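Worksheet: one structure, shown below.
Here the structure is a predicted model, which is why all the values come from computation and not from measurement. In what follows, every chain begins at residue 1, and chains take the letters A, B, ... in the order their sequences are listed. The analysis underlying the following values was restricted to heavy atoms, covering all of them including side chains, and did not include hydrogens, waters or symmetry mates.
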Amino acid sequence: MNQVDDKTYRERVYEIVRRIPSGRVMTYGLIAEILGEGYTPRTVGYVMHGADTENVPWQRVINSQGACSTGRMTMPVNLQQNMLESEGVVFSDKGKCDLGEYLWYPDGFAKDEQESPTLFV
DNA sequence: AACTTGACGAGGG
DNA sequence: CCCCTCGCCAAGT
């Protein structure tokens with residue numbers, strides 16, 4: 001059941017990212033937590049690194065500090081933040097946004113009860 | 001097959 | 001609040 005047949009390892013991550021509404025964000029750790037076994041914040045980041053920027057709203061995935069982590073790449077750190085700001089997300093001078101306000105949880109995955117791993121595949 | 005690298009994160013100092 | 005360490009696991013060398 002949990003094979004990588006119809007959905008590859010990466011596609012499972014992208015599928016969740018595509019659900020994030022404009023103006024909202026998710027963290028690498030949260031996505032890993034939802035996907036469960038075999039997924040960690042680090043691997044989610046690795047997968048996002050190879051995302052199809054055309055079809056995946058990659059800018060909506062940030063780190064647990066509420067900041068953008070795209071600094072190491074060839075693209076400027078500002079780009080991701082700018083894209084989010086144009087969606088209405090407000091960042092502080094230090095480049096952090098309020099996760100309490102913008103963090104988005106997929107349907108059925110309540111903020112308080114994070115115990116159901118494979119709620120939606 | 002072994003070793004290194006990350007768009008990470010929690011915990012300790 | 002900043003810095004460092006360690007655990008995590010797919011991919012690239």
Whole angstrom value for the distance that separates [atom2] of [N] from [atom1] of [X]:
X        : N      : atom1 : atom2 : value
Met26(A) : dG9(B) : CE    : P     : 12 Å
Asp93(A) : dC1(C) : CG    : P     : 13 Å
Asp52(A) : dA7(B) : CG    : P     : 18 Å
Ile31(A) : dA7(B) : CD1   : P     : 15 Å
Met48(A) : dA7(B) : CE    : P     : 12 Å
Leu99(A) : dG9(B) : CG    : C1'   : 13 Å

Those residues that, when tested against Thr27(A), pass side chain to side chain donor-acceptor pair (under 3.5 Å) (two or more places apart):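 Residues passing side chain to side chain donor-acceptor pair (under 3.5 Å) with Thr27(A): none at all.
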Heavy-atom check, side chain of Leu84(A) versus side chain of Cys97(A), under 4.5 Å: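 When only atoms from C-beta onward are counted, Cys97(A) and Leu84(A) do not touch, as no gap falls below 4.5 Å.
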Given Ile31(A), Val13(A), Thr70(A), the one that forms side-chain contact (heavy atoms from CB on, under 4.5 Å) with Met48(A): Val13(A)
Between the protein and nucleotides 7-13 of chain C, which nitrogen or oxygen pairs are less than 3.5 angstrom apart?
from    : atom 1 : to       : atom 2 : distance (Å)
dA11(C) : OP1    : Arg10(A) : NH1    : 3.3
dA11(C) : O4'    : Tyr46(A) : OH     : 2.8
dA11(C) : O3'    : Tyr46(A) : OH     : 3.0

Salt bridge (charged side-chain N to carboxylate O under 4.0 Å, His left out) pairs, two or more places apart, involving residues 44-62 of chain A: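 For residues 44-62 of chain A, and leaving out neighbouring residues, the salt bridge (charged side-chain N to carboxylate O under 4.0 Å, His left out) pairs sorted by first residue read Arg60(A)-Glu87(A).
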Path from Tyr28(A) to Leu103(A) over hydrophobic side-chain contacts below 4.5 Å: yes
Polar side chain donor-acceptor pair, Thr43(A) to Tyr9(A), under 3.5 angstrom: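 Their side chains do contain a donor-acceptor pair, which is all the 3.5 Å distance test asks for.
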